[in-house]
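Taking it in order: structure first as structure tokens, then the write-up.
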Protein chains: 2
Amino acid sequence: MKIQSYDISRTASAATLIFDAIREAIIKGELAQGEPLRQEDIARAFNVSRIPVREALLRLEQHGLITSARYKGAVVAGLSLDEAREIFDFRALLEPEVIRRAVPRMSSQVLDAASQCCEAFGRGDDPMLWGDLNRRFHTTLYAASDLPYHLEVLNKAMDRIDPYLRAQLLLSDGMQRANREHHMIVDACRCGQADMAADLTRQHILGAKESLSRYWQ
Amino acid sequence: MKIQSYDISRTASAATLIFDAIREAIIKGELAQGEPLRQEDIARAFNVSRIPVREALLRLEQHGLITSARYKGAVVAGLSLDEAREIFDFRALLEPEVIRRAVPRMSSQVLDAASQCCEAFGRGDDPMLWGDLNRRFHTTLYAASDLPYHLEVLNKAMDRIDPYLRAQLLLSDGMQRANREHHMIVDACRCGQADMAADLTRQHILGAKESLSRYWQ
DNA sequence: CGAGTGTATATTGTATCCAATATGGGAGTC
DNA sequence: GACTCCCATATTGGATACAATATACACTCG
């Protein structure tokens, strides 16, 4: 008889949980840029010592989500307009290639999952979810690429600008436009038009880049 | 009067020193893949406690240079042939764009520095230095791109396959070929031919990718 | 003799304590 | 009143000690 092995808390250290929690808070914009992250405060909040907190902060720093200075502590990292633009350029370089390679490998399950994200996104029940759905839409399609290294790097880049993208979706026509472009992308994928999907993805990203200055304080 | 501030040991924590040392050892191939890295051993070697060692190991893990499992410890990460190929593809995607953007920004100092690397590389006094010079050649040219995010990501990717590139340089014609291609690249840069430099760079990387299987055990 | 189990040991994860450093405010001086 | 220096306090970096877990080996039992 085979026993289902539950991996609960086997790979998850306290540091990992803290890392995930803070990462999510930063990405969702719950922690504003410049916000100081004091080890003692976080440790109390999670009922642990400062040691795992320091570990989590280190990983956040490696991800570029916080910046820290010796003996001065960590703050939530911000992006200048130039830095944000560069990251969009970076994505505009990677993602078309990733999706081009993913298209011929997409199962119908993947396409359906992406369409579902698309639909839920379009219905727009809950603006708080838009960011999550947007992110999931892209990662779902890209996952088929079988390019783990590209995806790892890409995920870090997406993390870095996610807060700004979420802000963008809340703009007047930000959501409609993203939704329209998502539909076009998933349609191209369904038709197996890899180059088309790549080009649409590139435009989708560069369009977001151009919109950046519109809401940059 | 302005005082030159020497940042020695102001930003360098024990963890940073350990990280740098181990990173270099891995990149240079002094630590073979699969080699276990025990916290206690490293701590003794550097005369510190395990705390800064753990910090260094965490950063190494984020860089992909080691892999670690809870309660099992860390080992030097290896690459499968497929993974190595993917990283070359990744570089082949990024570096042409980086150098294309760098060419119009290259000062004569940068070009001269790159040429110097090239020459020293070509003289081939010391095979042990080839890897360093090769790396410095590329980073020197790329530094002019003014794309800090791209460079950061790129450096990690280069770190990841550096040991394999060093092995490649030691192959029969590995060094000659790299040297020839480096000269062509720097010449294109000197002439301000950004597209040419980008294309040469791309071929340079894809050529290295193709050679991979030749020395893959 | 082999499979499974219990235990000893090694190793990592975390807590607690001390050291080093930055920051802010107050005393003193001009 | 403004500036400088100095020190108290807060906060992070590191060391030591303890807890949790994996691994290897001996042992039992079929």
Side-chain angles (χ1 to χ4, degrees), chain A residues 1-3 5-23 26 31-77, chain B residues 1-3 5-23 26 31-77:
Chain A
M1 170 187 176
K2 182 135 183 227
I3 303 282
S5 75
Y6 293 101
D7 253 344
I8 309 238
S9 91
R10 282 179 61 89
T11 57
S13 63
T16 303
L17 297 175
I18 297 170
F19 168 81
D20 288 340
I22 299 181
R23 170 183 166 275
I26 293 177
L31 285 173
Q33 77 177 68
E35 185 96 3
L37 298 170
R38 276 185 232 305
Q39 301 176 1
E40 186 67 37
D41 295 347
I42 300 170
R44 261 200 307 274
F46 286 88
N47 269 317
V48 294
S49 78
R50 277 168 45 220
I51 298 287
V53 173
R54 288 172 55 172
E55 239 185 80
L57 292 181
L58 266 169
R59 292 172 59 182
L60 289 165
E61 190 183 2
Q62 296 299 307
H63 276 250
L65 293 177
I66 68 175
T67 61
S68 72
R70 194 164 151 83
Y71 291 116
K72 291 180 69 175
V75 298
V76 176
Chain B
M1 172 183 176
K2 183 141 183 221
I3 303 281
S5 76
Y6 292 101
D7 257 341
I8 309 238
S9 94
R10 282 179 62 89
T11 56
S13 63
T16 303
L17 297 174
I18 297 169
F19 169 81
D20 288 339
I22 299 181
R23 170 183 167 275
I26 294 177
L31 286 173
Q33 76 176 69
E35 184 96 3
L37 298 170
R38 276 185 233 307
Q39 301 176 0
E40 186 66 38
D41 296 347
I42 300 170
R44 260 199 308 275
F46 285 89
N47 270 313
V48 294
S49 78
R50 277 169 46 222
I51 298 288
V53 173
R54 289 170 58 94
E55 237 184 83
L57 292 180
L58 266 170
R59 292 172 59 183
L60 288 165
E61 189 182 4
Q62 296 298 310
H63 277 249
L65 293 177
I66 68 174
T67 61
S68 72
R70 192 164 150 84
Y71 292 117
K72 292 180 68 177
V75 298
V76 176

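Here is the naming used below: chain letters follow the sequence lines, and residue numbers restart at 1 for every chain.
Arg38(B) comes within 4.0 angstrom of sugar-phosphate atoms only, judged by non-hydrogen atoms across all strands, and of no base. Residue Leu37(A) is classed as a sugar-phosphate contact, given heavy-atom separations below 4.0 Å to backbone atoms only. Residue Leu58(A) is classed as having no contact, given no heavy-atom separation below 4.0 Å to the nucleic acid.
Residues Arg59(B) and Glu61(A) are not paired through a salt bridge, judged by the lack of any N-O separation under 4.0 Å between the basic side chain and the carboxylate. Salt bridge annotation for Arg44(B)-Asp41(B): present, with a cationic side-chain nitrogen under 4.0 angstrom from a carboxylate oxygen.
Listed pair Arg54(B) / dG13(C) meets the phosphate criterion, a side-chain N or O lying under 4.0 Å from OP1 or OP2. Taking only side-chain nitrogens and oxygens, Lys72(A) never comes nearer than 4.0 Å to OP1 or OP2 of dT21(C). Neither OP1 nor OP2 of dA10(C) sits under 4.0 Å from any side-chain N or O of Gln39(B).
Using a 4.5 Å heavy-atom threshold, the side chains of Ile51(A) and Ile51(B) count as touching. Ile66(B) places a side-chain heavy atom less than 4.5 Å from the side chain of Ile26(B).
Residue Tyr71(B) contributes atom OH, which lies 5 Å from atom P of dT21(D) at whole-angstrom precision.
Take the nearest nucleotide of DNA chain D for Ile51(A) and for Gly73(A): the residue whose nucleotide is more 5' is Gly73(A). Residue whose closest nucleotide on DNA chain D sits further toward the 5' end, between Ala15(B) and Arg50(B): Ala15(B).
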